[in-house]
K.L.:
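Here it is, the structure in full.
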Amino acid sequence: MLANVRGTVQADILKEDQGQNTCLFSTEFSLKVMGDVQEWFIENAVRNFYSVSISGYHIAEAGANPLSQLAFTLANGFTYVESYLSRGMRIDDFAPNLSFFFSNGMDRSTQFSAGWLGGSGPSRCATSTARTIAPRS
């Protein structure tokens, strides 16, 4: 049944603090909760549901230029990757559950970036970086 469930958890706590200035919980607690969700997804083989939508859109709406939006969003993505790896999760188990969301407007450089990230870019980038940190067993 869970193999057929599709959707996205809309709880990118890092962008909430950066883009909307609404920090309800500490970053450490928030990363723990997001890691708990991801661990549950792994344990229950939830593959078609994104555990977090790493959002640059709200950062852009808060006034960030396209390059700052990209930089903050990628930094947030790497923060999730590092947090999950530190909990012993394997990159190949969680990378497919990450999604990215950008506001690219009319800026060509951002359109290219969002197009790359909308494809296999984030998973490939996260996997490559994580394997440098924790080689595949």
Side-chain angles (χ1 to χ4, degrees):
M1 169 98 166
L2 289 176
N4 298 322
V5 175
R6 299 186 66 80
T8 303
V9 176
Q10 296 289 332
D12 177 3
I13 200 65
L14 300 175
K15 68 91 177 149
E16 292 293 333
D17 190 29
Q18 296 163 339
Q20 297 178 313
N21 200 23
T22 55
C23 187
L24 300 175
F25 304 105
S26 71
T27 302
E28 294 79 18
F29 177 77
S30 299
L31 287 171
K32 181 193 177 319
V33 169
M34 296 308 295
D36 291 346
V37 169
Q38 183 57 61
E39 281 184 340
W40 191 89
F41 276 31
I42 293 168
E43 290 168 7
N44 292 281
V46 178
R47 303 306 289 168
N48 293 320
F49 206 99
Y50 296 112
S51 62
V52 62
S53 177
I54 304 162
S55 180
Y57 176 83
H58 297 87
I59 296 168
E61 289 295 308
N65 66 39
L67 292 178
S68 294
Q69 174 194 184
L70 182 62
F72 276 110
T73 306
L74 290 177
N76 290 349
F78 285 122
T79 299
Y80 287 112
V81 168
E82 290 168 1
S83 175
Y84 296 172
L85 289 172
S86 74
R87 292 177 62 154
M89 292 181 235
R90 293 181 55 240
I91 188 73
D92 294 325
D93 293 336
F94 69 79
N97 292 110
L98 303 177
S99 73
F100 289 78
F101 182 54
F102 291 92
S103 169
N104 64 357
M106 299 299 290
D107 185 300
R108 287 232 184 257
S109 65
T110 311
Q111 289 174 355
F112 169 79
S113 301
W116 177 79
L117 288 167
S120 61
S123 180
R124 182 178 60 241
C125 186
T127 301
S128 173
T129 301
R131 286 195 180 131
T132 302
I133 299 167
R136 185 180 247 187
S137 53

K.L.:
According to ring-ring contact (aromatic ring centres under 6.0 Å, His included), who are the partners of Phe41, at least two apart in sequence or on a separate chain?
P.N.:
Phe49
K.L.:
Roughly how far, to the nearest 0.5 Å, is OH of Tyr50 from CZ of Arg6?
P.N.:
7.0 Å
K.L.:
Closest approach of Met34 and Tyr84, non-hydrogen atoms and distance?
P.N.:
O-OH, 3.5 Å
K.L.:
From Glu28 CD over to Ser83 OG, what is the distance, rounded to the nearest 0.5 angstrom?
P.N.:
10.0 Å
K.L.:
Identify the heavy atoms of Asp93 and Gln38 that sit nearest to each other, and give their distance.
P.N.:
O-NE2, 4.1 Å
K.L.:
If you measure from CZ on Phe100 to CG on Leu74, what distance do you get to the nearest 0.5 Å?
P.N.:
6.0 Å
K.L.:
Please report the closest heavy-atom contact between Ser68 and Asn65, naming both atoms and the distance.
P.N.:
N-OD1, 2.7 Å
K.L.:
So, for Ser53 and Ser99, which heavy atoms are closest and what is the spacing to 0.1 Å?
P.N.:
CA-OG, 3.2 Å
K.L.:
Mind checking what makes side-chain hydrogen bond (donor to acceptor under 3.5 Å, both in side chains) contact with Asp36, not counting sequence neighbours?
P.N.:
Lys32, Arg87
K.L.:
Could you pull out the closest heavy-atom pair between Gly77 and Ile54, with the gap in Å?
P.N.:
CA-CD1, 3.7 Å
K.L.:
Are the side chains of Val81 and Leu98 in touch, meaning some heavy atoms are under 4.5 Å apart?
P.N.:
yes
K.L.:
List the residues meeting side chain to side chain contact (heavy atoms under 4.5 Å, CB included) with Ser30, not counting sequence neighbours, and say none if there are none.
P.N.:
Ile13, Phe25
K.L.:
For the backbone of Val46 and the side chain of Asn97, can you confirm whether one donor and one acceptor N or O come within less than 3.5 Å of each other?
P.N.:
yes
K.L.:
Please enumerate all residues that pass side-chain hydrogen bond (donor to acceptor under 3.5 Å, both in side chains) together with Thr79, with sequence neighbours excluded.
P.N.:
none
